[in-house]
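Step one of this worksheet: look at the structure below.
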Amino acid sequence: MNQRNFISFEGPEGAGKTTVINAAIPFLKELTGKDVLLTREPGGTGNPLAEEVRDILKKDRETPVDPWTEVFLLAASRREHVVHTIMPALKAGKIVLSDRYLDSSLAYQGGGRGLGKDAIMAVNDFAIQGETEGEKVLPELTIYLDLPVEIGLERIHQNRTDKIDRMDNEKVSFHKKVRETYLELAKENPDRIKVVDASQSKEDVLQQVKDILTANWR
């Protein structure tokens with residue numbers, strides 16, 4: 001199982017992950033000659049149970065979801081994702097691009113909810129367990145699209161065509177904590193997490209991402 005083929009994309013709300021990932025797929029196919037699988041979290045390509053958990057998490061509710069319930073639901077969905085989508089694709093020699101992965105839980109629940117990165121990591125150690133003892137299914141490369149919170153939220157409310165979800169409606173202070181945690185993670189993991197300024201023009205963002213991807217296969 002070649003985890004060099006596992007790449008995650010992260011970013012706060014409105015950072016433009018979808019645009020970047022859609023451009024990365026054909027670029028990587030041409031660059032590497034490999035098949036590319038696009039998946040996402042919460043949920044996962046071809047995984048009904050993980051997608052059902054996604055629906056639970058995205059739904060607006062009169063009674064707020066307890067933060068730890070959110071953590072455990074995300075971890076359960078991630079486990080299904082790892083076992084039934086990510087590991088089989090990596091074994092088959094495919095490149096896996098995941099729109100969000102573990103860093104999202106560390107940033108949103110660890111930082112935004114104030115539960116702490118260490119506690120979130122302790123729960124997710126079980127979710128990302130590989131086939132052999134001590135093996136963790138983690139991306140070798142993570143591209144983090146960074147954007148000031150106010151700009152991201154403005155983009156969402158101006159441009160999003162689908163429904164504004166529960167996370168989008170969180171307070172600005174929550175989103176600022178999320179961003180701060182992402183930046184902390186990038187400082188702690190400079191070899192894996194590459195920061196791209198998402199406030200640049202779309203052309204500049206895409207070029208920087210392509211440069212990072214190219215360097216990963218040199």
Point-to-point distance, once rounded to the nearest 0.5 Å, from CG of Asn216 to CG of Leu141: 5.0 Å

Residue pairs, two or more places apart or on separate chains, that pass ring pair (Phe, Tyr, Trp, His ring centres under 6.0 Å) and touch residues 129-150: Tyr144-Tyr182

Distance-only polar pair, side chains of Ser8 and Thr142, donor-acceptor under 3.5 Å: yes

Chi angles and distances behind the side chain to side chain contact (heavy atoms under 4.5 Å, CB included) call for Asn189, Asp103: CA-CA 11 Å; Asn189 303 275; Asp103 293 305; 5.6 Å; no

Electrostatic pair Glu140-Arg192, nearest N-O below 4.0 angstrom: no

Pro139 side chain near Ile7 side chain, heavy-atom distance below 4.5 Å: no

Arg54 and Arg40, any side-chain heavy atoms less than 4.5 Å apart: yes

Distance in Å, Leu138 CG paired with Ile86 CD1, rounded so as to fall on 0.5 Å steps: 9.5 Å

Asp211-Gln207 side chain donor-acceptor pair, cut-off 3.5 Å: yes

Joint cluster assignment, Leu145 & Leu213, ILVMFWY side-chain distance < 4.5 Å: yes

Non-hydrogen side-chain atoms of Leu115 and Val71 separated by less than 4.5 Å: yes

pair Gln109-Pro67: side-chain heavy atoms closer than 4.5 Å: no

Any Ile193 side-chain heavy atom under 4.5 Å of Lys187 side chain: no

What side-chain donor-acceptor pairs closer than 3.5 Å can you find for residues 19-30, not counting sequence neighbours?
from  : atom 1 : to    : atom 2 : distance (Å)
Asn22 : ND2    : Thr18 : O      : 3.3

Atom pair NZ (Lys94) and CG (Leu90), whose distance is rounded to the nearest 0.5 Å: 10.5 Å

CA sep, side-chain torsions, deciding dist, call: Phe174, Arg113, side chain to side chain contact (heavy atoms under 4.5 Å, CB included): CA-CA 7 Å; Phe174 169 87; Arg113 301 287 186 224; 3.4 Å; yes

Set of ring pair (Phe, Tyr, Trp, His ring centres under 6.0 Å) partners for Phe6, sequence neighbours left out: Tyr101

Sub-4.5 Å side-chain heavy-atom contact between Trp68 and Leu73: no

Over 12 non-hydrogen atoms of neighbours within 6.0 angstrom of NZ in Lys34: yes

Non-neighbouring partners of Asp35 that pass side chain to side chain donor-acceptor pair (under 3.5 Å), sequence neighbours left out: none

Set of side chain to side chain contact (heavy atoms under 4.5 Å, CB included) partners for Glu80, sequence neighbours left out: Asn47, Leu49, Ala50, His84

Glu10 and Ser104 side chains, donor-acceptor separation under 3.5 Å: yes

In one Ile/Leu/Val/Met/Phe/Trp/Tyr side-chain cluster, 4.5 Å: Val96, Val82: yes

Side-chain (Asn124) to main-chain (Ala127) donor-acceptor, under 3.5 angstrom: no

salt_bridge(Glu184, Arg179) N-O dist < 4.0 Å: no

Common cluster, Val137/Leu185, ILVMFWY with side-chain heavy-atom separation under 4.5 Å: yes

More than 12 heavy atoms of other groups within 6.0 Å of Asp118 CG: no

Note, Met121 side chain near Leu102 side chain (heavy atom, < 4.5 Å): yes

ILVMFWY cluster, Ile212 and Leu183 together (side-chain gap under 4.5 Å): no

Nearest atoms (heavy-atom pairs only) where Pro12 meets Leu147: CG-O, 3.8 Å

Thr181 side chain to Lys177 backbone, donor-acceptor under 3.5 Å: yes

Worked check of side chain to side chain contact (heavy atoms under 4.5 Å, CB included) between His81 and Ser98: CA-CA 10 Å; His81 191 207; Ser98 186; 3.6 Å; yes

Residue pair Asp146, Asp197: steps toward the side chain to side chain contact (heavy atoms under 4.5 Å, CB included) verdict: CA-CA 5 Å; Asp146 183 52; Asp197 179 1; 5.7 Å; no

Asp204 side chain near Gln208 side chain, heavy-atom distance below 4.5 Å: no

Residue pair Pro42 / Leu74: nearest heavy atoms and the distance that separates them: CB-CD2, 3.9 Å

Exam field: side chain Ser77 to backbone Gly43, donor-acceptor pair closer than 3.5 Å: yes

Within one Ile-Leu-Val-Met-Phe-Trp-Tyr cluster: Ile128 and Val123, side-chain cutoff 4.5 Å: yes

Short side-chain to backbone donor-acceptor contact, Gln129 and Thr132, under 3.5 Å: yes

Test: Lys91 and Glu131 ion pair at under 4.0 Å: yes

Separation between CD of Glu51 and CD1 of Ile56, rounded to the nearest 0.5 Å: 11.5 Å

Short side-chain donor-acceptor distance under 3.5 Å, Ser105 and Arg78: yes

Lys17: partners by side chain to side chain donor-acceptor pair (under 3.5 Å), with sequence neighbours left out: Asp99

